[in-house]
Amino acid sequence: MTHASPEQSPHGADRLPLDVETALAAAEDALALRLGTVTREEIDLRTAELVGRVGLFADEVLDRALTPASRSVRWEVDQLLASTPSGGALVFASYQHLHDLARMLRRLANSVAGRGAGPTPAAAPAAPVEGGVTA
C-alpha cells in the first residue's frame, strides 16, 4: 500500500486526506472510548489525529464561506485547537477535550458531506421519535 506524502498543516499536525467516511469513523471511534478503559497514551494519540483532521476540515469548510455562521464556527474551532491540554493535565480533561474534538470533527465532516448545507453554529435539536423521546 502506498501512502500520500503528508503536508504540514498550520495547526502543527500532518495533513490527512480529506475523507469524510474516515473522519466520521475516527470521530465515532473517539466518542466510543470510555474513561477507565483507555490509556492516557491512546487519548493523546487520538487527540493528535483529531487535531489534524479538525484543522484540515475547518480549512476546507470554513475558510471558503465567509458568513457570520462560518466565522462563528471558525472561532469555536480555533478556541478548541488552542485549548488542547498539556501533558500534565488531568486524564479527564484530556478525555473531555478528545470528545469535544470528535464532536467538532463530526460537525465539519457532515458539512462537507452535505456541501450545500454549510456549517451551523449549533447542532440541531434531535427530532422526537415515537413515544415522545428524543434521539
Side-chain angles (χ1 to χ4, degrees):
M1 177 193 290
T2 60
H3 297 286
S5 62
E7 299 174 27
Q8 189 71 14
S9 100
H11 305 291
D14 290 337
R15 286 202 149 206
L16 302 169
L18 189 62
D19 180 351
V20 173
E21 290 80 22
T22 303
L24 288 172
E28 295 305 320
D29 288 348
L31 289 169
L33 296 176
R34 295 293 164 237
L35 195 59
T37 62
V38 64
T39 65
R40 175 63 184 257
E41 292 78 22
E42 187 173 359
I43 291 171
D44 291 344
L45 286 172
R46 290 188 188 241
T47 296
E49 176 190 359
L50 293 189
V51 163
R53 289 187 188 280
V54 166
L56 181 65
F57 274 83
D59 292 346
E60 177 69 23
V61 174
L62 302 174
D63 292 342
R64 291 180 183 222
L66 296 176
T67 64
S70 69
R71 284 192 299 269
S72 174
V73 176
R74 183 70 210 199
W75 182 84
E76 287 180 56
V77 167
D78 291 343
Q79 294 300 309
L80 183 62
L81 294 176
S83 68
T84 300
S86 66
L90 296 175
V91 173
F92 180 77
S94 297
Y95 172 80
Q96 190 61 47
H97 186 73
L98 175 64
H99 275 230
D100 292 343
L101 285 166
R103 285 188 291 273
M104 179 58 73
L105 178 58
R106 191 167 50 186
R107 279 175 63 187
L108 294 169
N110 283 329
S111 181
V112 168
R115 279 293 178 191
T120 57
V129 288
E130 193 173 326
V133 178
T134 57

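What's counted below: heavy atoms across the whole structure, side chains too, no hydrogens, waters or symmetry copies.
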Nearest heavy-atom pair of Leu105 and Phe57: which atoms, and what distance? CD1-CD1, 3.8 Å
Validation: residues 26-36 side-chain donor-acceptor distances under 3.5 Å, sequence neighbours left out:
unit_1, atom_1, unit_2, atom_2, d
Glu28, OE2, Arg106, NH1, 2.9
Arg34, NH1, Leu31, O, 3.3

Provide the closest heavy-atom pair for Val61 versus Ser111 in the form atom of the first, atom of the second, distance. CG1-OG, 3.5 Å
Enter the distance from Glu49:CD to Leu98:CG here, rounded to the nearest 0.5 Å. 9.5 Å
Looking at Pro68, is its backbone amide N or carbonyl O close enough to the side chain of Ser72 to form a donor-acceptor pair, meaning the two atoms are under 3.5 Å apart? no
Is the shortest heavy-atom distance from the side chain of Leu108 to the side chain of Val112 under 4.5 Å? no
What verdict does the side-chain contact (heavy atoms from CB on, under 4.5 Å) test give for Asp59 and Arg74, after you've listed the backbone C-alpha separation in whole Å, the side-chain angles of each residue and the deciding distance to 0.1 Å? CA-CA 9 Å; Asp59 292 346; Arg74 183 70 210 199; 3.2 Å; yes
Roughly how far, to the nearest 0.5 Å, is the CD atom of Gln79 from the CG atom of Asp100? 12.5 Å
Would you call Leu101 and Arg53 a side-chain contact if the rule is heavy atoms closer than 4.5 Å? no
Shortest non-hydrogen contact from Ala58 toward Val77: CB-CG1, 3.7 Å
Heavy-atom side-chain contact between Val91 and Val38 under 4.5 Å: no
Between Arg40 and Ala89 the two heavy atoms that sit nearest each other are NH1-O, 2.7 Å
Minimum heavy-atom separation for Leu24 to Ala109, with atom names? CD2-CB, 3.7 Å
Could you state the interatomic distance from CG (Leu81) to CE (Met104), rounded to the nearest 0.5 Å? 8.5 Å
Examine Leu80 and Phe92 and state if one hydrophobic cluster contains both, with Ile, Leu, Val, Met, Phe, Trp and Tyr joined whenever side-chain heavy atoms are less than 4.5 Å apart. yes
Please list, chain by chain and in numerical order, all residues satisfying ring-ring contact (aromatic ring centres under 6.0 Å, His included) with His97, sequence neighbours excluded. none
